[in-house]
K.L.:
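Got a structure for you, written out below as structure tokens; questions coming shortly.
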Amino acid sequence: MYMKANDIRKKYLEFFKSKDHYVQESFSLVPKNDKSLLLINAGMAPLKNYFLGLEEPPAHRMTTCQKCVRTGDIDNIGHTLRHATFFEMLGNFSFGNYFKKDAITFAWEFVTEVLKLDKDKLWVTVYEEDDEAYNLWKDMIGVEERKIVRLGKEDNFWEIGNGQGPCGPCSEIYIDRGENFSCEGECKPGSEGDRFLEFWNLVFTQFDKQADGSLKKLEHPNIDTGMGLERMACIMQGVDSIFDIDTMVAIRNKISEISNKKYNENAKNDVSIRIIADHLRAITFMVSDGIIPSNEGRGYVLRRLARRALRHGKLLGIQGKFISDIANIVINEYKDGYPELEQNHDHIIKILSVEEEKFNETLESGLEILNGYIDQAVSNGNSIITGEDAFKLYDTFGFPLELTIEIAEEKNCKVDTKGFEQQMEIQKETARNSRKSGSDVGWKDEITNLDLSVSKTEFLGYDTLESDNKIQDIVLNGNLVDLANEGDEIMLIFDKTPFYAESGGQVGDKGVILSANDKFDIKINDVTKSTGGLFVHHAKVERGSVKKGDLAHLQVNRMNRLATMRNHTATHLLHKALKMVLGDHVNQSGSFVSPTGLRFDFNHYEQLTKQQIKDVERIVNLKIFESIDVHTDVMGINDAKETGAMSLFDEKYGDIVRVVSIGDFSKEFCGGTHVVNTNQIGMFKIVSEGAVSSGVRRLEAITGLTVYDYLLENEHIIEEVSMAVKSNKQALTKRIETLVDENKTLSKQLKAMQNDSAKGSLEDIINNAISIGDVKLMTTKYEDVQDDVLRNIMQDIIDKAPSSIVVFSNLDTTENKLKFICMVDKKLNPRYHAGNIVREVAAVTGGKGGGKPNLAQAGGVDISKVDEALSKAKAIIENM
């Protein structure tokens, strides 16, 4: 009976719903509580904590159709008919509810009565020692004994990778595809060949494997079953390839239409069509689940798949952009089962289109450089691209290592992957070192290793900026002391404090601590929080002496705190405004809130336009002017989630959380301090926008009096510029445009003069060429000549004197910067490589650089060695 893939999914979930199973929508491809996984790769993966008893499931009978991505077999994608990076896993699960009898009954009923598979073609396997399952299949279901096959531990026993923990026997259902398919040895499940196809696996988790290898029976055994939707669709539609099922055919046909390449006419083209279809389906789902292309983690997997698909589009001869057209087909084919695809349609298309644009921008130059590396590797006689070169392609041009390997292999070259990994580790180590700061050392270890009087500090600062408390501990130079004197820099510990400790992106408070009897004055420069919630007051004794146990008056700097509160509440307004302007995909990935301003990092795929920044500013300022009350509620975390409050994905929260609400506009988990009404913020202004990393943008903004100061400063700058260009403020723009036009005209005249002057010496340069075999080398020194003028001269020389290599130096006398440029007649490539020549020439002066085989440039350092560097060009070329 023919059945579409979407209908199989629907009927499966409906069937198990009728068997009292809770239908759980597919979890995101991004694991929520499993740091061991990059992406969800199995139907039971999101349910792991339920099986391990770490979390209570919503029901003890569940069913899902889970989105999964696996990239371990990526090299096989397109070359085989069954491998896929994205797939759907149908599953039904029992957490201590039903066991083997019901699991087997449900499975058989579904495949024979709902899917109506021919019982005569169905076979089953059981674990060789599992008599219970064997008898259930034989006596309860009525399967012929010859069709029940016992298999060993390798095939039919499931256990966790390390061997210990929950485990149990499996039972599988196979279909006999007939004599037309190969079958070696005794023809039955478990034999070699394609005749018997497994499509359903039932895992009976009934044991807890001990360290000594013994099996202890679980008090509440579980059921975990899985059936691949694509494989079942193949069976129901009578096809041998997952690329021939209805949903994939629709994607495949669109690729054929765009490329004008028919499927099943050319084996090489078919591979490319299958790769594009598979990868585009996978990345469409990945972007829908919030993953953005980058050079690490999940983003790297996404970028790798996207760029591999794009390159195969080029191999098919597709001209122009095509990725969004195919993504539209994926969304249309799968939206019934996954409505979030349609909801996220614009976001998906935007992300993938931007990635396609980025790849197209770098593809040509990157491929040209890669081909240069390949030519160089061949000329070296080892056909190996160095790890350093492969890493440069990855780091500079966004070429995934796998793509470099794939292209190199097509030209019989290999890549030094170990060298690449070494370069990657160097970069990571550099990044780790750059992140280290004073906050990583010192007080944290000192405090946790001391025998302190208190272990936790109560924060009073939500309600007051002043309090009287005894000094519990004094830390001086890493040691507990009873006394500190004027000038000492110390750390103070209290059991209660109004001072906010740095956390959640908000800086710690500043202020003073005064003696109750005028014995001392202490300045608080910062407050930090140690493990366990202890507040550490970083202080300096400004006057007198302070003793442990002294009664002190703690006073937070009010203006400082109010400015910080304004910026923190503005951050919440900004977060919501960004979602409104850019889309719901925007989520905070970092923040910093201080009295002087705020910094907000968020996931987004491209630079914000000026209009988008204006729109965000306007929304935030409108909410400020609306004078909205800000409320804070303390509640259980589950109750907080039910209110719809936003939480940070990787942030750890306790059972009780604070929820900050700004009217109906914004609601977020937050432990920071906030204004009581938005009108206290005064005004909001974005002062910068930029990239933090691939897929992450950063906004910096100011509020309150800082905006007023900002406006005054800009007004002063405008007045200064107006005076400098002799214009009033109203006509300033027009005056600057006139000056720019005049400058352009003068630049063109200067360039023409330089060009005429330089060309006047063209014949002299050619006549003074050095012959090296059948090659002519020409070198000349220049000063203050524009690069494009020099390149034009070089090209004129090569046009007039073919088989030439030209090397020029150019000194910018204004900035005292030296540059070398090399051009090689293209017919001399790959034997002579401009990038290699100019790199060695520049090295004589302590400089470095490189570039394309026919044109490259490098920077110089020691100007006194220019002549020596140009002279070395002859020896470099002779060595080539």
Side-chain angles (χ1 to χ4, degrees), residues 1-3 7-8 11-21 43 61 63 89-94 97-153 155-158 168-181 183 185-191 193-207 221-229 231-238:
M1 181 177 85
Y2 181 91
M3 190 177 292
D7 291 335
I8 297 172
K11 287 183 178 295
Y12 183 91
L13 297 175
E14 287 177 345
F15 172 81
F16 280 99
K17 183 178 181 180
S18 73
K19 303 299 182 184
D20 300 323
H21 286 63
R61 292 186 177 199
T63 184
M89 185 59 70
L90 297 160
N92 58 285
F93 311 94
S94 165
N97 189 275
Y98 62 82
F99 200 47
K100 291 182 186 179
K101 179 181 177 181
D102 288 330
I104 289 172
T105 301
F106 294 152
W108 192 256
E109 182 180 345
F110 181 75
V111 298
T112 60
E113 296 185 19
V114 178
L115 300 183
K116 299 190 183 303
L117 294 181
D118 187 347
K119 294 180 182 179
D120 291 337
K121 294 182 179 180
L122 299 180
W123 291 59
V124 297
T125 66
V126 297
Y127 176 51
E128 58 190 357
E129 299 177 10
D130 191 359
D131 294 333
E132 180 184 4
Y134 185 95
N135 291 328
L136 285 169
W137 283 114
K138 178 173 69 74
D139 301 329
M140 181 180 70
I141 301 300
V143 178
E144 298 176 50
E145 285 192 71
R146 70 180 184 87
K147 292 185 176 181
I148 307 173
V149 181
R150 293 181 185 266
L151 295 177
K153 188 173 183 179
D155 295 297
N156 268 17
F157 195 91
W158 176 85
C170 304
S171 183
E172 300 170 314
I173 306 177
Y174 285 73
I175 188 167
D176 182 355
R177 304 164 76 194
E179 296 178 356
N180 291 332
F181 292 88
C183 189
E186 187 179 358
C187 208
K188 62 181 181 180
S191 61
D194 298 323
R195 177 168 175 174
F196 291 92
L197 181 65
E198 178 264 321
F199 62 85
W200 196 320
N201 185 22
L202 299 89
V203 179
F204 309 128
T205 312
Q206 63 188 86
F207 301 115
N222 303 314
I223 289 293
D224 163 22
T225 77
M227 179 171 72
L229 176 58
R231 183 169 292 189
M232 179 50 67
C234 287
I235 294 171
M236 297 303 296
Q237 296 175 21

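These numbers come from a predicted model, not from an experiment.
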K.L.:
Taking all non-hydrogen atoms of both residues, which atom of F204 and which atom of A133 are closest, and how far apart?
P.N.:
CE1-CB, 4.1 Å
K.L.:
Say you draw a straight line from CG of D102 to CD of E109; how long is it, rounded to the nearest 0.5 Å?
P.N.:
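Answer for the CG-CD pair, D102 versus E109, is 10.5 Å.
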K.L.:
Between K153 and F157, is NZ or CZ placed under 6.0 angstrom from the six-membered ring centre and within 45° of the ring axis?
P.N.:
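Yes, K153 and F157 form such a contact.
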K.L.:
Would M232 and L115 satisfy side chain to side chain contact (heavy atoms under 4.5 Å, CB included), going step by step from the backbone distance to the final call?
P.N.:
CA-CA 10 Å; M232 179 50 67; L115 300 183; 3.6 Å; yes
K.L.:
Side chains of N222 and S94: do they bring a donor and an acceptor to under 3.5 Å?
P.N.:
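No.
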K.L.:
For side chain to side chain contact (heavy atoms under 4.5 Å, CB included), just list the numbers for F15 and K19, CA-CA rounded to whole Å, side-chain angles, deciding distance to a tenth of an Å, and then say yes or no.
P.N.:
CA-CA 7 Å; F15 172 81; K19 303 299 182 184; 3.6 Å; yes
K.L.:
With rounding to the nearest 0.5 Å, note down the distance linking NZ in K121 to CD1 in I175.
P.N.:
6.0 Å
K.L.:
What are the two closest non-hydrogen atoms of I223 and A103, and how far apart are they?
P.N.:
CD1-CB, 3.8 Å
K.L.:
Would you please test I8 and M236 for side chain to side chain contact (heavy atoms under 4.5 Å, CB included) and show each step?
P.N.:
CA-CA 9 Å; I8 297 172; M236 297 303 296; 3.8 Å; yes
K.L.:
Measure from the side-chain N and O atoms of T63 to the backbone N and O of L13, and report whether any donor-acceptor pair falls under 3.5 Å.
P.N.:
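No; zero donor-acceptor contacts below 3.5 Å.
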K.L.:
What distance separates F93 CZ from T225 OG1, expressed to the nearest 0.5 Å?
P.N.:
6.0 Å
K.L.:
Is any side-chain N of the basic residue among E132 and K101 closer than 4.0 Å to the acidic one's carboxylate O?
P.N.:
no
K.L.:
Any salt bridge linking R195 with D176? Criterion: basic side-chain nitrogen under 4.0 Å from a carboxylate oxygen.
P.N.:
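Result for this pair is yes, salt bridge flagged.
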K.L.:
Are the side chain of Q237 and the backbone N or O of M3 linked by a donor-acceptor pair below 3.5 Å?
P.N.:
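Yes; judged by distance alone, with no hydrogens or angles, the pair exists.
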K.L.:
Going from CH2 on W200 to SG on C170, what distance comes out if it is rounded to the nearest 0.5 angstrom?
P.N.:
14.5 Å
K.L.:
Using a 3.5 Å distance criterion without hydrogens, assess whether the side chain of T112 forms a donor-acceptor pair with backbone atoms of W108.
P.N.:
yes
K.L.:
If you measure from the Lys or Arg side-chain nitrogens to the Asp or Glu carboxylate oxygens, is any gap between E144 and K138 under 4.0 Å?
P.N.:
no
K.L.:
Can you tell which of L229, N92, V114, D7 makes a side chain to side chain contact (heavy atoms under 4.5 Å, CB included) with Y12?
P.N.:
N92
K.L.:
Using only heavy-atom distances, determine whether the side chains of W137 and S171 contain a donor-acceptor pair under 3.5 Å.
P.N.:
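Yes, S171 and W137 have a side-chain donor paired with an acceptor closer than 3.5 Å.
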K.L.:
Kindly give the heavy-atom pair with the smallest separation between K147 and W123, and that separation in Å.
P.N.:
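Nearest pair, atom of K147 first, then W123: CA-CE3, 3.4 Å.
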K.L.:
What I want to find out is whether R150 reaches D131 closely enough, with some N-O distance under 4.0 Å, to be called a salt bridge.
P.N.:
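Looking at R150 and D131, the cut-off is met.
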K.L.:
What's the shortest heavy-atom distance between V203 and W158, and which atoms?
P.N.:
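Taking V203 first and W158 second, the nearest heavy atoms are CG1-CB, 3.8 Å.
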K.L.:
Can you name the nearest heavy-atom pair linking D194 to R177, along with the distance?
P.N.:
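That would be O-NH1, 3.0 Å.
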K.L.:
Are the ring centres of Y98 and F106 closer than 6.0 Å?
P.N.:
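When the ring centroids of Y98 and F106 are compared, they turn out to be within the sub-6.0 Å range.
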K.L.:
With a 6.0 Å cut-off on ring centres, are F196 and Y174 close enough?
P.N.:
no
K.L.:
Between I104 and V124, is a side chain to side chain contact (heavy atoms under 4.5 Å, CB included) present by the stated rule, with each step listed?
P.N.:
CA-CA 11 Å; I104 289 172; V124 297; over 6 Å; no
K.L.:
Heavy atoms only: give me the nearest Y127-N156 pair and the separation to one decimal.
P.N.:
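Residues Y127 and N156, closest heavy atoms: CB-O, 3.3 Å.
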K.L.:
For the atom pair CD1 (I173) and CG (L197), what is the distance rounded to the nearest 0.5 Å?
P.N.:
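Here the interatomic distance stands at 12.0 Å.
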K.L.:
Does L117 reach the side chain of L122, with side-chain heavy atoms less than 4.5 Å apart?
P.N.:
yes
K.L.:
Quick one: does P169's side chain get under 4.5 Å of Q206's, heavy atoms only?
P.N.:
yes
K.L.:
Distance check, rounded to the nearest 0.5 Å: N135 atom CG versus K100 atom NZ?
P.N.:
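These two atoms lie 10.0 Å from each other.
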